[in-house]
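Predicted model only: the values in this text are computed from it and were never measured.
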Amino acid sequence: MKTPTAEHMEHAAAWLREYDGANADECHQVADWLDHQALQGKLRDAAREGGVPVAALRKRLRRMEKA
């Protein structure tokens, strides 16, 4: 099975956040997880495009957050 794109995961997360029925908390937790997975995928893609290791990109982003 092919991994969904970041955009697909974000769309699914948005849909899950709108759910307000039984087990809504669980749906919202899954939405948070999907958003995290989408962000990590985008990070890996950016690192690949830039030709840098993901760890180096994360380190750089942490430094930028502190500034």
Checklist line | Residues clustered with Tyr19, ILVMFWY side-chain links under 4.5 angstrom | finding: none

Next item on the list: Determine whether Leu57 and Arg48 make a side-chain contact, defined as any pair of heavy atoms from C-beta on separated by less than 4.5 Å.
Entry: no

Checklist line | Close side-chain approach of Thr3 to Gln37, heavy-atom, < 4.5 Å | finding: no

Margin query: Can you tell me how far apart NZ (Lys42) and OG1 (Thr5) are? Round to the nearest 0.5 Å.
Written below: 9.0 Å

Note to self: Applying side chain to side chain contact (heavy atoms under 4.5 Å, CB included), can you list everything that pairs with Gln40, at least two apart in sequence or on another chain?
What the structure shows: His36, Leu43, Arg44, Arg58

Next item on the list: Can you see which heavy atom on Ala38 is nearest to which on Glu10, and at what distance?
Entry: CB-CG, 3.8 Å

Check: Going through the checks in order, is the side-chain contact (heavy atoms from CB on, under 4.5 Å) test met by Gln29 and Leu16?
Finding: CA-CA 9 Å; Gln29 286 178 335; Leu16 285 167; over 6 Å; no

Notebook entry, point to check: When clusters are formed from ILVMFWY side-chain contacts under 4.5 Å, directly or step by step, what else is grouped with Met1?
Noted result: none

Margin query: So, taking the atom named CD in Glu26 and the one named NE2 in His28, what distance separates them when rounded to the nearest 0.5 Å?
Written below: 10.0 Å

Checklist line | Gap separating the CG atom of Leu39 from the CG atom of Leu34, nearest 0.5 angstrom | finding: 12.5 Å

